Amino acid sequence: NLVLIGQPAHVGDELTASILVHNKGENLNSVRLELSRNDGTTIALGDMVSISPGSSREVSATFTALISGTQSIQWLIYHLTGRLF
């Protein structure tokens, strides 16, 4: 499950979304977390994180709250090649 760190947030506050990703493959892989609004606008793109076979790593992306109120945020984990993970 995705965890949102920094709540409760106010306009201008920095928040970090984080999730634990496990590499079930046999090769070293790199992934990153992307956060977007419902209209497809990217809010944040996390750094690439390398994960060894059989290992798990925390993957995160940091963004600034720009509007007040409740927002729906979509998240995706991308593989180094750009394919949806």
Side-chain angles (χ1 to χ4, degrees):
N1 291 334
L2 188 75
V3 175
L4 194 55
I5 302 162
Q7 294 189 71
H10 302 280
V11 173
D13 287 352
E14 188 172 85
L15 297 157
T16 300
S18 177
I19 191 166
L20 189 65
V21 177
H22 184 73
N23 180 355
K24 293 181 181 179
E26 297 179 4
N27 299 310
L28 177 70
N29 281 307
S30 294
V31 298
R32 67 180 175 188
L33 175 63
E34 179 181 330
L35 306 174
S36 61
R37 293 185 180 88
N38 286 338
D39 66 4
T41 305
T42 299
I43 297 171
L45 197 55
D47 293 334
M48 294 299 289
V49 176
S50 296
I51 307 174
S52 299
S55 296
S56 298
R57 296 271 316 265
E58 183 177 349
V59 180
S60 63
T62 300
F63 65 100
T64 301
L66 298 177
I67 61 174
S68 61
T70 302
Q71 296 182 58
S72 178
I73 296 175
Q74 299 176 354
W75 59 272
L76 298 169
I77 300 294
Y78 282 94
H79 183 274
L80 180 61
T81 60
R83 292 176 291 171
L84 184 58
F85 202 96

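Keep in mind it's a predicted model, so treat the numbers as computed, not measured.
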task = Could you pull out the closest heavy-atom pair between L66 and R37, with the gap in Å?
result = CD1-NH2, 4.1 Å
request  = Using a cut-off of 6.0 Å, state whether more than 12 heavy atoms not belonging to N1 lie near its atom CG.
outcome  = no
Within 6.0 angstrom of Q7 CD, more than 12 heavy atoms from elsewhere = yes
ask   = Is the shortest heavy-atom distance from the side chain of L33 to the side chain of L2 under 4.5 Å?
value = yes
request  = State whether the number of non-hydrogen atoms from other residues, nucleotides or ligands found under 6.0 Å of D13 atom CG is greater than 12.
outcome  = yes
inquiry  = Taking the side chain as everything from C-beta on, heavy atoms only, tell me whether V11 gets closer than 4.5 Å to S68.
reply    = yes
Interatomic spacing from OG in S36 to CG in L45 - rounded to 0.5 Å = 10.5 Å
ask   = Going by atom types only, do T62 and E14 share a side-chain donor-acceptor pair under 3.5 Å?
value = no
task = Search all heavy atoms of N27 against all heavy atoms of P53 and return the closest pair with its distance.
result = C-CG, 3.6 Å
note = Scanning both residues in full, the closest heavy-atom pair of L15 with L4 reads CB-CD1, 4.2 Å
request  = Find the distance between OG (S56) and NZ (K24) and round it off to the nearest 0.5 Å.
outcome  = 9.5 Å
key: Distance (rounded to the nearest 0.5 Å) between S60 OG and I19 CD1   = 11.5 Å
From CZ (R57) to OG (S50), nearest 0.5 Å = 7.0 Å
Distance (rounded to the nearest 0.5 Å) between N29 CG and H22 NE2 = 11.5 Å
